[in-house]
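Notes follow once the structure below has been shown.
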Amino acid sequence: MEQPIAVTRQSFDDWMVPVYAPADFILVRGEGSQVWDQQGKSYIDFAGGIAVNALGHAHPVVTAALVEQAGKLWHLGNGYTNEPVLRLAKLLIDATFAEKVFFCNSGAEANEAALKLARKRALDNGNHSKNQIVAFNNAFHGRTLFTVSAGGQPKYSKDFAPLPGGITHTPFNDLAAAAEVINDNTCAVIVEPIQGEGGVLPADAAFLQGLRELCDRHDALLIFDEVQTGMGRTGDLYAYMQYGVVPDVLTTAKALGCGFPIGAMLTTDELAKTLSVGTHGTTYGGNPLATAVAGAVFSVINTPEVLEGVKQRHQWFLDGLNKINQQYPIFSEIRGGGLLIGCQLTKDYAGKAKQITQLANEEGVIALIAGPDVVRFTPSLVIPEQDVKEGLARFARAVARICS
Ligand SMILES: *Cc1c(COP(=O)(O)O)cnc(C)c1O
């Protein structure tokens, strides 16, 4: 065999479309919550590939499912169904409000399907002006043109105009403002139970409850974007279960495949009828390889052991982060749920989240940002206590450096 092509971080700048600015090292291997770079340096992974690697790296059950399916059947196309996709659909239906599932390959595609469903349903009901979508400032729903327009961060959409129309944004957690724009022409309201990319901002229970009532009053669909909060991230399988507010449509991706690309839109029998044969689709969605992996992921995550463990790990993080903050007061608030944790930087450290995560890398721990002023942690749901302790010790050294 030929030697593999030699690659370094410089290769990224040489060969890749520059939409990302990755760290200056290349990771080559992972096991549980530890990863190693080309030079063999170890890092504790508190980012989990941005809330994706919910069972860490190379989880034996997930790897076994992948390897087994890889030897059987990868892809068929939608003219033929398959066993793993049907099994995964049944698992999701039995565990949630949903009665029907549509599979795709990413969070954006799941949201795209949800928004298209909402528009078509109103049209099918003969209501030609009921096409308005209400979304929230700072929301993140993906990078396709429709989902980036539904998102509430103009910096991600403004350069791509003309954008799809009929989308109104109002302040998150402001029910009165939402009530002013939700009316009989609204076909859907889309909301994250905890805004992830927007800064780890949990919705108030009364806000989601109020949106539910407004949607019922105006016959609009309530879409929960649980792409980041889903699959055990907050300590329940989905965050809606904690809030006690049931959406009409729920989107899920990220942790669903633990790194294998897959997304899904969950909904009811009644609403599913909208997307009749030929009205929507995707080449890869629901292929046997992705759904076999996701089935294994689901079976591990949807257990009392893992879900209870998330609540315990939340406390380990809170205790450790509060201790760091007592010594070096840089956080004005530590918030979020389960293992979706955001640390808001004080005014003195505003804008320094990226710099802190870069120092953290140097100390051997991987953390995320959520905007310029929030350090975010989304580790594996099964991260061992020893890794939490070691990772926080390394993170404390990074914080000490920024404070000195
Ligand atoms: C990551 C994310 C998306 C987009 O998912 P992709 O798989 O990148 O398309 C959508 N919504 C939320 C809440 C997310 O966190």
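These numbers were taken from a predicted model, which means no experiment stands behind them. We count ligands from 1, going down the list as the structure has it; atoms in each ligand are counted the same way.
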Report summary line: salt bridge (charged side-chain N to carboxylate O under 4.0 Å, His left out) filter on D204, not counting sequence neighbours, yields none

Cut-off 3.5 Å, no hydrogens considered: what does the side-chain donor-acceptor table look like for residues 293-304, sequence neighbours left out?
from, atom 1, to, atom 2, distance (Å)
S299, OG, G295, O, 2.9
T303, OG1, V300, O, 2.8
T303, OG1, V306, N, 3.4

Report summary line: For D174, the salt bridge (charged side-chain N to carboxylate O under 4.0 Å, His left out) test, sequence neighbours excluded, returns none

Query raised in the report: Can you find a side-chain donor-acceptor pair between Y238 and T252 that sits under 3.5 Å?
Result: yes

Query - Sub-4.0 Å heavy-atom environment of ligand 1, residues by chain - result: S106, G107, A108, N111, F140, H141, G142, E192, D225, V227, Q228, K254

Query raised in the report: Side chains of Q228 and R233: donor-acceptor distance under 3.5 Å anywhere?
Result: no

Report summary line: From the list T144, T147, D225, side-chain hydrogen bond (donor to acceptor under 3.5 Å, both in side chains) with N111 holds only for D225

